[in-house]
Number of protein chains: 2
Amino acid sequence: MRRLILDTAMKLFIEEGYDAVSMRKIASRIEYSPASIYTYFADKQDIFFELHNEGFTKLFRKQTDVQGILDPVQRLLSHGRAYLEFAFENPQYYDIMFIVRHPGERIIKDNTWECGMRSYDLLKRNVSECKNAGYFTNEEVDAVAFILWSTVHGIASLHIRQRLAIMELNKDYFTNLIENTLKLIRNLIR
Amino acid sequence: MRRLILDTAMKLFIEEGYDAVSMRKIASRIEYSPASIYTYFADKQDIFFELHNEGFTKLFRKQTDVQGILDPVQRLLSHGRAYLEFAFENPQYYDIMFIVRHPGERIIKDNTWECGMRSYDLLKRNVSECKNAGYFTNEEVDAVAFILWSTVHGIASLHIRQRLAIMELNKDYFTNLIENTLKLIRNLIR
DNA sequence: TTAATATACTAAACACTGTTCATTTTGTCA
DNA sequence: TGACAAAATGAACAGTGTTTAGTATATTAA
């Protein structure tokens with residue numbers, strides 16, 4: 001039942017966007033009364049937090065798939081590519097994971113963000129291994145990891161929230177956004 | 001009257017957040033009926049777009065304040081500092097300008113984003129002048145400008161949407177977020 | 001001054017929203 | 001079959017953005 005609710009919520013969210021996910025719409029799709037949902041979830045925020053968790057499971061799988069790459073710099077770049085690909089392929093998941101307010105409020109309330117930290121720790125490990133291989137010699141692992149995350153998140157969130165829509169003018173650069181970004185990041189690594 | 005509505009909307013937005021800005025609340029604060037607002041604004045989105053424009057005016061002023069700096073690298077860094085300071089000092093404005101969905105939808109509809117492009121062009125000019133001074137020799141101006149914007153936006157939006165809340169553990173780095181980020185960016189410039 | 005027009009404003013309604021609660025239905029175990 | 005727990009519900013509460021028909025108030029023209 002929980003599954004059914006979550007799947008329906010995600011389906012609505014993906015098909016029709018955030019505003020389409022109302023308790024009543026979920027309920028009517030599964031032919032239940034709106035009140036029934038509250039047997040399985042405390043509130044709407046709860047549903048979104050669960051979907052947020054599932055998004056992280058998907059992202060983490062995509063990122064671990066790439067951990068086999070031996071060269072640490074190539075591994076770090078592929079890690080970044082996996083992140084950006086995930087964001088561009090699953091904009092709705094990305095939205096709840098990193099942009100929508102609801103999960104952010106829960107992160108504060110719980111004072112923990114397990115799934116988020118798991119992904120971030122993987123990034124830090126990859127940065128750290130680049131450092132061991134002689135890169136980022138003057139920088140702290142934490143600082144580098146954070147700025148890399150910020151950069152890819154910046155691209156993803158500007159795109160998802162439509163702030164790059166008119167940028168299509170400079171199509172040269174923006175058609176191959178991910179690869180160009182990674183190339184530029186590669187150039188900065190030394 | 002338009003001003004009164006905008007000021008009230010912004011006051012509510014700043015004081016009590018996005019959810020507090022309802023047509024009825026704005027109306028009751030100015031002791032008008034909700035329907036009256038529709039004489040001055042087409043819809044709620046219209047109000048937010050206007051506030052979004054005002055945010056850009058504020059940001060642009062802050063950024064031009066710094067254009068007097070002669071050294072192009074120092075100027076670019078100060079430009080970035082101004083952006084980040086604006087975001088951290090005016091999170092609600094930043095939110096409507098770069099994160100909230102409403103203005104994004106209008107950008108698509110109008111197929112233009114004047115105020116956004118004005119700011120972005122200033123950034124490109126600063127990058128370009130660094131290039132003229134012998135930096136970023138192997139990179140395109142557009143690419144550098146874009147990745148710099150992404151980076152600072154990434155930081156700002158992760159912060160504003162509460163995804164750095166638990167990061168306070170590593171206070172060493174995160175207390176002086178802006179300066180540390182700029183220092184790191186400085187190290188990457190060559 | 002009066003009549004006509006334009007502007008400003010509103011009450012009421014429409015179709016929604018998340019959530020709660022008393023009540024009923026259903027399922028399981030003794 | 002009876003008892004108890006779990007699941008499901010209709011109805012209501014208080015809220016949302018927006019529309020519409022109608023009224024009050026200015027402004028302009030004769």
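Letters A, B, ... are given to chains in the order of the sequence lines, protein chains preceding strands, and every chain is numbered from 1.
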S.K.: Give a yes or no on whether a donor-acceptor pair under 3.5 Å exists between the nucleobase atoms of D:dG15, that is its base, and the side chain of B:R24.
M.R.: no
S.K.: By nearest heavy atom, map A:V21 and B:M1 onto DNA chain C; which one lands nearer the 5' end?
M.R.: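 Residue closer to the 5' terminus by nearest nucleotide: B:M1.
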S.K.: Does B:E50 come within less than 4.0 Å of B:R2, counting only side-chain N to carboxylate O?
M.R.: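 Result for this pair is yes, salt bridge flagged.
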S.K.: How many whole angstroms separate atom CE of B:M23 from atom C1' of D:dA14?
M.R.: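 So the CE-C1' distance, B:M23 to D:dA14, works out to 19 Å.
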S.K.: Side chain of B:K25: nearest nucleotide among C:dG18, C:dC9, D:dT16?
M.R.: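 Closest nucleotide among those given: D:dT16.
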S.K.: Counting heavy atoms from C-beta on, name the nucleotide in D:dA7, D:dT9, C:dT19 closest to the side chain of A:Y40.
M.R.: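 Of all the options, the side chain of A:Y40 is nearest to D:dA7.
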S.K.: Hey, are A:D95 and B:R101 close enough for a salt bridge, meaning a charged N less than 4.0 Å from a carboxylate O?
M.R.: yes
S.K.: Rounded to whole angstrom units, what separation is found between the CG atom of B:D43 and the C1' atom of D:dT16?
M.R.: 14 Å
S.K.: Around atom CD of A:E85, are there more than 12 heavy atoms from other residues, nucleotides or ligands closer than 6.0 Å?
M.R.: yes
S.K.: Given atom CG of A:D46 and atom P of C:dG18, what is their separation to the nearest angstrom?
M.R.: 14 Å
S.K.: Just how far, in rounded Å, is P of C:dC16 from CD1 of A:I26?
M.R.: 16 Å
S.K.: Starting at CG of A:D19 and ending at P of C:dC16, how long is that distance when rounded to a whole Å?
M.R.: 14 Å
S.K.: Go through the structure and list residues passing side-chain contact (heavy atoms from CB on, under 4.5 Å) with B:E31, not counting sequence neighbours.
M.R.: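 Expected list: none.
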S.K.: Any idea which of C:dT10, C:dT19, C:dC21 is nearest the B:A35 side chain?
M.R.: C:dT10
S.K.: Side chain of A:Y38 only, heavy atoms from C-beta on: which candidate in C:dT19, C:dC9, D:dT18 is closest?
M.R.: C:dT19
S.K.: Should B:S36 be listed as having a side-chain N or O under 4.0 Å from OP1 or OP2 of C:dT10?
M.R.: yes
S.K.: Tell me the interatomic distance from A:K44, atom NZ, to C:dT20, atom P, rounded to whole angstroms.
M.R.: 14 Å
S.K.: Select one nucleotide: of C:dC9, D:dA8, C:dG18, the one nearest the side-chain heavy atoms of A:Y32.
M.R.: D:dA8
S.K.: Could you tell me whether B:D7 and B:R3 have a side-chain N and a carboxylate O separated by less than 4.0 Å?
M.R.: yes
S.K.: Any side-chain N or O of A:S33 under 4.0 Å from OP1/OP2 of D:dA8?
M.R.: no
S.K.: Quick check with a 6.0 Å cut-off and a 45 degree axis cone: is B:K109 positioned over the face of B:F49's six-membered ring?
M.R.: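 Checked: cation-pi criterion not met.
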S.K.: Does the side chain of B:R106 come within less than 4.5 Å of B:D46's, by heavy atoms?
M.R.: yes
S.K.: Using five pairs at each end of the helix from C:dT1-D:dA30 to C:dA30-D:dT1 to define an axis, what is the angle between those two axes, to 10°?
M.R.: 10°
S.K.: Whole Å only: how far is the CD atom of B:E31 from the P atom of C:dC9?
M.R.: 13 Å
S.K.: Can you tell me the distance, in whole Å, between the CG atom of B:L4 and the P atom of C:dA8?
M.R.: 14 Å
S.K.: Which one, C:dT19, C:dA8, D:dA8, comes nearest to the side chain of B:T39?
M.R.: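 Out of C:dT19, C:dA8, D:dA8, the nucleotide with an atom closest to B:T39's side chain is C:dA8.
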S.K.: Would you sort out whether A:E15 and A:R29 count as a salt bridge (charged side-chain N to carboxylate O under 4.0 Å, His left out), showing the intermediate values?
M.R.: CA-CA 13 Å; A:E15 284 170 10; A:R29 283 252 179 143; 3.7 Å; yes
